[in-house]
Every structure is written in C-alpha cells, then in structure tokens.
Amino acid sequence: MSPKVKFEGLPREMIALRVSREVQDGMYVNLGIGIPTLISNWIEGKDVYLQAEVGMLKTGALADGDQVDQDLINASCQAVTALPGTSYFDIAESFGMIRGGHIDIAVMGALQINARGDYAGWSNPSRGLFVGNVGGSMDLCAGARKLFIAMEHVTREGDYKIVKELSYPATAMGRVSMLFTDLAVIEITPKGMVLKEVLSGLTAKDIQQVTEPELIISPDLKEIEL
C-alpha cells in the first residue's frame with residue numbers, strides 16, 4: 001500500500017548534516033554508500049576517525065580537483081582526502097576492526113526499515129534487481145556499537161520506505177537505533193518508533209501519513225535542528 005503523498009524534504013546534504021551532529025570527538029565511524037558518505041563533509045573541526053573498509057582510517061572530506069587520488073577512496077569508491085594522522089592497513093585488519101566491535105557508529109542507507117530496527121539495503125526487487133552487493137554492510141551492522149540509517153522518507157514514487165514488514169531481503173535484524181530522513185528523526189525503541197524531530201512546517205500527523213507503522217510521538221517533539 002502506498003501513501004501517495006510526498007512532502008518536499010531536506011536535500012541529501014542536509015540529512016547528512018543532521019546526522020553529523022551525533023558524531024562526537026574521538027569516535028570511530030564508518031559511513032555507508034549514498035547519503036552517509038556526505039557526512040564526511042560536515043565534520044571539519046572534529047577529531048573523528050572515519051574508517052573505510054578498504055583499509056584507511058581517519059579519512060577527510062570528499063576530494064575535489066587536484067585533491068583526487070584514486071588510491072584513496074571511501075565505500076562508494078569516491079575519492080577522499082587524507083588528514084594528519086591518517087593510517088593505512090590491509091582489508092583483514094580493517095574487518096578485524098569492524099568485527100572486533102571497535103566502530104562506535106555505522107551509518108547506512110536503506111531501501112526499507114521497520115519498527116523493530118530491521119532494515120533492507122542491498123537488493124531492490126521492485127526494480128527487477130534480484131542480485132545486489134551487500135559488501136561489508138552485514139559486518140558493520142553486527143559489529144558497530146550503534147547503527148544509524150540515513151535516507152529519504154519515501155521512494156521516488158511516493159511509496160513507503162518505513163514499513164510494517166520488510167518485503168526486500170534484509171541486511172540486519174533489530175540493529176538500527178536511529179533513523180534520519182528528509183522529514184524526520186526517529187528513534188527505534190523496544191516499544192516501537194518514537195518520532196523525535198520533524199521538518200519545519202510539518203506536523204506529526206503529516207509524518208504519520210508517509211510512515212506505515214504507527215509512530216509514538218515524543219513528548220519533547222521538536223523541529224529538526226541543523
């Protein structure tokens with residue numbers, strides 16, 4: 001079932017900016033493909049260790065122009081900059097870091113998510129894509145201390161992405177703790193999805209219209225703070 005309602009939301013860069021507010025000095029963070037990679041552009045001035053699975057720790061912002069070195073890439077194969085203190089290692093050590101529980105936050109994109117914190121992000125059967133590339137996302141979901149999702153609230157066609165039950169192949173079950181969209185910030189709790197922040201100009205009722213599971217409205221509901 002589709003809500004067939006679309007509100008104009010934040011651009012992808014602003015979703016990334018909102019997530020970046022959760023990243024604090026000293027954290028080890030892995031950014032997945034899509035909106036999450038944009039977070040690297042919003043952490044200047046913070047002492048944060050961004051990790052790329054290819055074996056690079058403390059990556060900087062996305063590279064541009066003369067900064068581009070194709071040997072230095074993130075999970076989306078985008079060129080990134082190096083910072084003072086950047087280190088390099090092989091992929092076995094990189095996944096040892098992930099599986100050993102040394103990543104504080106992993107931020108992933110998603111195709112679907114439900115109120116139990118299950119999410120799907122690697123295969124999209126609705127587009128006839130039955131073979132996807134899960135990459136290192138399952139390791140990150142299992143190994144990171146916190147798992148965040150950054151995505152648009154509904155599909156391009158206006159269909160639910162926040163659903164009662166996943167219909168796409170799952171990436172992780174019950175691991176997501178926070179969801180950041182172009183319309184809202186939602187916390188995943190044992191009681192369900194708690195609506196914490198809404199885009200300026202929208203109401204909790206508006207967000208419920210484009211969200212299939214029933215939301216719990218936080219008593220401290222506020223506008224998204226950028």
Side-chain angles (χ1 to χ4, degrees), residues 1-7 9-10 12 14-16 18-19 21-22 30-36 39 103-127 132 134 137-200 202-225:
M1 187 172 69
S2 167
K4 298 305 179 189
V5 175
K6 282 199 78 172
F7 298 107
L10 294 170
R12 293 158 64 89
M14 295 297 101
I15 301 173
R18 175 59 189 88
V19 181
R21 291 170 55 86
E22 306 296 320
N30 186 291
L31 303 177
I33 294 172
I35 294 171
I39 295 169
I103 301 298
D104 293 299
I105 299 174
V107 188
M108 313 297 286
L111 299 168
Q112 292 181 330
I113 180 169
N114 68 23
R116 295 186 296 277
D118 310 333
Y119 96 95
W122 65 280
S123 177
N124 189 343
S126 70
R127 293 187 185 174
V134 75
S137 56
M138 286 183 176
D139 291 90
L140 283 161
C141 295
R145 296 189 177 109
K146 291 183 179 179
L147 176 60
F148 294 167
I149 296 295
M151 68 177 199
E152 277 95 5
H153 206 96
V154 299
T155 69
R156 288 181 217 170
E157 296 76 26
D159 294 329
Y160 292 125
K161 292 181 73 174
I162 305 172
V163 295
K164 291 181 179 176
E165 299 295 340
L166 302 184
S167 59
Y168 295 171
T171 305
M173 307 294 280
R175 290 289 298 155
V176 179
S177 56
M178 293 289 293
L179 168 61
F180 302 83
T181 79
D182 54 333
L183 304 180
V185 176
I186 295 171
E187 182 179 8
I188 312 296
T189 75
K191 294 183 179 179
M193 290 182 153
V194 179
L195 180 62
K196 307 282 288 187
E197 300 177 22
V198 298
L199 180 63
S200 176
L202 298 184
T203 66
K205 185 177 179 181
D206 293 330
I207 302 302
Q208 185 63 77
Q209 269 191 284
V210 290
T211 308
E212 190 176 29
E214 185 172 354
L215 293 167
I216 301 166
I217 311 304
S218 169
D220 302 317
L221 182 66
K222 57 186 179 183
E223 293 183 356
I224 295 177
E225 295 181 348

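Everything numeric here is computed off the predicted structure, so don't read it as measured data. Just so it is clear, the values below take in all heavy atoms, side chains as well, and ignore hydrogens, waters and symmetry mates.
Each of I217, T189, D220, L221 was scored for a side chain to side chain contact (heavy atoms under 4.5 Å, CB included) with V194, with one residue passing: T189. Test M193, M178, E197 against E187 for side chain to side chain contact (heavy atoms under 4.5 Å, CB included) and you get one pass: M178.
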Set out, in order, the CA-CA distance, both residues' side-chain angles and the distance that settles side-chain contact (heavy atoms from CB on, under 4.5 Å) for I39 and V107, then state yes or no. CA-CA 9 Å; I39 295 169; V107 188; 3.8 Å; yes
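Taken from NZ in K196 to CG in L179, the straight-line distance is 13.5 Å, to the nearest 0.5 Å. The line from CG of L215 to CD1 of I162 is 7.0 Å long, rounded to the nearest 0.5 Å. To the nearest 0.5 Å, atoms CZ (F7) and CG (L202) are separated by 6.0 Å. Put simply, CD on E22 and CZ on F148 are 5.5 Å apart, with the number rounded to the nearest 0.5 Å. Atom CD1 of I105 is separated from atom CG of L147 by 10.0 Å, given to the nearest 0.5 angstrom. For the atom pair CZ (R175) and CG (L140), the distance works out to 10.5 Å, reported to the nearest 0.5 Å.
A salt bridge links E165 with R116: at least one charged nitrogen is closer than 4.0 Å to a carboxylate oxygen.
Of all heavy-atom pairs between I188 and A115, the closest is CG2-O, 3.5 Å. Looking at every heavy atom in both residues, A106 comes nearest to A144 through CB-CB, 3.7 Å. When every heavy atom of L166 is checked against every heavy atom of A120, the shortest pair comes out as CD1-N, 4.2 Å. The shortest non-hydrogen separation linking G109 to I149 is O-CD1, 4.2 Å. Listed here is the closest heavy atom pair of I216 and K191: CD1-O, 3.5 Å. Scanning both residues, G32 and P36, for their nearest heavy atoms gives O-CB, 3.3 Å.
Panel note: side chain D182, backbone E152; no donor-acceptor pair is recorded below 3.5 Å. At least one donor-acceptor pair closer than 3.5 Å links the side chain of W122 to the backbone N or O of A170. A donor-acceptor pair is defined here as one N or O able to donate and one able to accept, closer than 3.5 Å; no such pair exists between the side chain of K6 and the backbone of V154. The backbone N or O of V5 sits nowhere less than 3.5 Å from a side-chain atom of Q209 that would complete a donor-acceptor pair. Between the side chain of Q208 and the backbone N or O of T211, at least one donor-acceptor pair lies under 3.5 Å. For R12 (side chain) and G34 (main-chain N/O), no donor-acceptor pair under 3.5 Å exists by modelled atom type. With hydrogens and angles disregarded, a donor-acceptor distance shorter than 3.5 Å links the side chain of R21 to the backbone of E225. For the pair S200 (side chain) and E223 (backbone), a donor-acceptor distance under 3.5 Å is absent.
Looking at heavy atoms from C-beta onward, M138 lies in side-chain contact with T171 at the 4.5 angstrom threshold. Contact annotation: the side chain of I113 approaches that of M151 to within less than 4.5 Å [non-hydrogen atoms, C-beta and beyond]. No side-chain heavy atom of R18 sits less than 4.5 Å from a side-chain heavy atom of L10.
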